[in-house]
Amino acid sequence: MKLFVGILLCSLVLGVSSQRWLTFLKEAGQGAKDMWRAYSDMREANYIGADKYFHARGNYDAAQRGPGGAWAAKVISDLRENSQRVTDFFRHGSSSHGAEDSKADQAANEWGRSGKDPNHFRPDGLPSKY
């Protein structure tokens with residue numbers, strides 16, 4: 001009940017209509033699908049050196065949906081990188097194992113979300129299907 005009242009108050013104060021909320025949620029769902037598609041393509045391609053390209057492409061495609069898509073891309077990207085830190089801690093005894101790679105992934109994520117061309121990270125020889 002408190003959550004509902006809080007959302008209602010924020011909506012009134014910020015002047016957010018229910019139509020905008022629905023649009024935001026739709027964009028977020030579509031953005032999540034874009035992220036999943038990029039992840040699936042990355043797994044299917046199994047191409048060495050293409051990781052950053054697929055990070056940038058997923059974030060780019062999601063952000064093109066609008067604010068909801070950009071939000072979904074950021075949440076999913078951050079969740080993925082943070083969960084990787086936890087698994088690194090249990091596998092290697094340190095959460096900083098692979099920290100450089102994680103920073104590079106986050107840079108590619110931000111590159112895509114900001115609307116820059118993900119092909120900047122595309123490795124030579126990656127099939128045109130992707």
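The basis for the numbers below is simple: all heavy atoms, side chains too, and nothing from hydrogens, waters or symmetry mates.
The closest side-chain donor-acceptor pair between D61 and Q64, if any, does not fall under 3.5 angstrom.
In this structure, the side-chain hydrogen bond (donor to acceptor under 3.5 Å, both in side chains) partners of D101, at least two apart in sequence or on a different chain, are K52. Listed by chain and residue number, S102 satisfy the side-chain hydrogen bond (donor to acceptor under 3.5 Å, both in side chains) test with E81 (two or more places apart in sequence, or in another chain). Scanning for side-chain hydrogen bond (donor to acceptor under 3.5 Å, both in side chains) contacts around R37 gives D34, with sequence neighbours left out.
Going from atom NZ of K103 over to atom CD of E100 covers 6.0 Å, rounded to the nearest 0.5 Å. Rounding to the nearest 0.5 Å gives a distance of 11.0 Å between CD of E27 and CG of L22.
In terms of heavy atoms, A32 sits closest to A72 at N-CB, 4.2 Å. Considering all non-hydrogen atoms of both residues, G58 and A38 come closest at CA-CB, 3.5 Å.
M35 belongs to a hydrophobic cluster with I76, counting contacts under 4.5 Å between side-chain heavy atoms of Ile, Leu, Val, Met, Phe, Trp and Tyr, direct or through other members. Alongside Y60, the hydrophobic cluster contains no other residue (criterion: ILVMFWY side chains under 4.5 Å). When hydrophobic side chains of Ile, Leu, Val, Met, Phe, Trp and Tyr are connected at separations under 4.5 Å, W111 ends up clustered with W36, Y39, M42, Y47, Y53, F54, F121, L126, Y130.
Under the 4.0 Å criterion applied to side-chain N and carboxylate O atoms, D105 and R80 are not assigned as salt-bridge partners. Residues E44 and K129 are paired through a salt bridge, judged by an N-O separation under 4.0 Å between the basic side chain and the carboxylate. Of the charged side-chain nitrogens involved, at least one lies within less than 4.0 Å of a carboxylate oxygen, so that R113 and E110 count as a salt-bridged pair.
Proximity of N59 to K74: side-chain heavy atoms (C-beta onward) are nowhere separated by under 4.5 Å. Using a 4.5 Å cut-off on side-chain heavy atoms (C-beta onward), S77 and H55 make no contact.
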